[in-house]
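Here's the structure, in structure tokens; my notes come after.
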Amino acid sequence: MAVKTPEYWKEEQYQPLVEETTAYGNKVQIPQSLQLAWKYHKSVIENMVKQYGQEKAVGLMEKRKLRGKSARDLRSVLLEKYEE
């Protein structure tokens, strides 16, 4: 099953899309404009996994408050928990 991503990422303002890897190693297409934020969040979760383990790291990451719909959606896709 493919990782679910927001439909609005298909809109022109979010183009082009680039391929990235989720926290679980699956490939996904994200807006290039969000790539720097993706790399930051991925780095944070990778460090948390090293320190606390996968399950606790995901729980901690989900609790972090993020401003903006795109940031929250990006995190949900990274953690493969995105739902419409």
Side-chain angles (χ1 to χ4, degrees):
M1 183 174 93
V3 177
K4 196 168 188 178
T5 60
E7 278 294 314
Y8 69 89
W9 283 0
K10 294 178 183 174
E11 295 174 10
E12 186 177 339
Q13 69 188 34
Y14 293 97
Q15 299 302 311
L17 299 177
V18 294
E19 187 174 87
E20 285 291 348
T21 307
T22 68
Y24 295 99
N26 295 305
K27 301 291 183 188
V28 67
Q29 294 284 318
I30 67 164
Q32 186 175 21
S33 61
L34 299 175
Q35 198 169 24
L36 186 59
W38 178 274
K39 289 180 183 200
Y40 167 76
H41 289 296
K42 189 168 182 189
S43 171
V44 168
I45 196 152
E46 285 171 350
N47 287 325
M48 289 174 138
V49 167
K50 287 178 190 172
Q51 193 169 15
Y52 303 113
Q54 183 77 24
E55 188 174 321
K56 186 166 183 174
V58 169
L60 291 170
M61 192 70 171
E62 287 174 337
K63 290 178 184 176
R64 294 182 73 182
K65 292 191 180 204
L66 298 175
R67 287 190 276 172
K69 181 173 176 43
S70 290
R72 288 188 300 272
D73 289 346
L74 190 72
R75 176 185 56 196
S76 294
V77 171
L78 174 65
L79 299 175
E80 297 186 21
K81 294 187 179 270
Y82 182 78
E83 295 179 16
E84 293 285 341

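Reckoned from all heavy atoms, side chains included, excluding hydrogens, waters and symmetry mates. None of the values given here were measured: they were computed from a predicted structure. Along the sequence shown, residues carry numbers from 1.
A23 approaches L79 most closely through the heavy-atom pair CB-CD2, 4.4 Å. In terms of heavy-atom proximity, K4 sits nearest to V77 at O-CG2, 3.7 Å. Contact between T5 and Q29 at its shortest, heavy atoms only, is CG2-O, 4.0 Å. Contact record, W9 with I30: CZ3-CG2, 3.8 Å, taken as the closest heavy-atom pair.
Put simply, the side chain of E19 never gets that close to the backbone of V28: no donor and acceptor are under 3.5 Å apart.
Under a cut-off of 6.0 angstrom, the local environment of OH in Y8 is crowded, with over 12 non-hydrogen atoms contributed by other residues, nucleotides or ligands.
Under the 4.5 Å side-chain heavy-atom criterion for grouping Ile, Leu, Val, Met, Phe, Trp and Tyr, L66 is not connected to M48 through any hydrophobic cluster.
Of the inter-residue distances, the one linking K42 atom NZ with Q35 atom CD reads 11.0 Å to the nearest 0.5 angstrom. Here the OG1 atom belonging to T21 is positioned 3.0 Å from the NZ atom belonging to K27, to the nearest 0.5 angstrom. Rounding to the nearest 0.5 Å gives a distance of 10.0 Å between CD of E46 and CD of Q54. Considering CH2 of W38 and OG1 of T22, their distance stands at 6.0 Å, rounded to 0.5 Å.
For residues 53-79, the set of pairs meeting the salt bridge (charged side-chain N to carboxylate O under 4.0 Å, His left out) definition, not counting sequence neighbours, comprises E62-K81, K69-D73.
The side-chain heavy atoms of E20 and L78, taken from C-beta on, include no pair separated by under 4.5 Å. Within the 4.5 Å cutoff, side-chain heavy atoms of V58 are placed close to those of Y24. Put simply, the side chain of Y14 does not reach to within 4.5 Å of the side chain of P6, judged on heavy atoms.
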